[in-house]
Amino acid sequence: MLLTEIDHVAIAVFDLEAAVSFYETAFGATVEHREVVDSDGVEEALLKVADSYIQLTAATHDESPIAKYLAKRGEGIHHVGYRVDDCAVALQSMVAAGAKPIDEAPRPGSRGTTVAFVHPKGAFGTLIELVQE
Ligand code: CO
């Protein structure tokens, strides 16, 4: 079994402050990590739940993939991050199983992680991010 944890559930939102405030009020959640990822055009707020995260994600500019997603589909679950010990091995295994990579090779993600995205087509309609800590 290559998956070791659900690393995060990523939720695309228009207003990051409003979403954080909602999670704080509704659940008593606190933001453990916040980061602007320029290469992806996103700002993330990570709320820790046991050893996983809820990742609230907003766009930092109009050309961001998250901005396009929000414009097309509105707010909601954007992708699921699966934690793995070795991102390259997991990516190779997914491709061997018929999935289509978005990232041909692992690359830097937020929190100092190494990540690779895999296309929803070929993965039963779910955008999957492999996350190696
Ligand atoms: Co993610």
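FYI, side chains are in, hydrogens and waters are out, and symmetry mates aren't considered; it's all heavy atoms of this structure. Whatever order the structure lists them in is the order used to number ligands and atoms, beginning at 1. All of these numbers come straight from a predicted model, not from anything done at the bench.
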CZ (F14) with more than 12 external heavy atoms under 6.0 Å:
yes

If you draw a 6.0 Å radius around CD1 in I77, do more than 12 non-hydrogen atoms from other residues or ligands fall strictly inside?
no

At what distance, to the nearest 0.5 angstrom, does CD of Q55 lie from NE2 of H8?
4.0 Å

Keeping to distances under 2.8 Å, can you name the protein N/O/S atoms close to the Co ion (ligand 1)?
H8 NE2, H79 NE2, E129 OE1

Check whether any side-chain heavy atom of V31 lies under 4.5 Å from a side-chain heavy atom of V20, and answer yes or no.
yes

More than 12 non-hydrogen atoms from neighbouring residues, nucleotides or ligands closer than 6.0 Å to CD on E75, yes or no?
yes

With heavy-atom distances below 4.5 Å as the criterion, would you say the side chains of E43 and D38 are in contact?
no

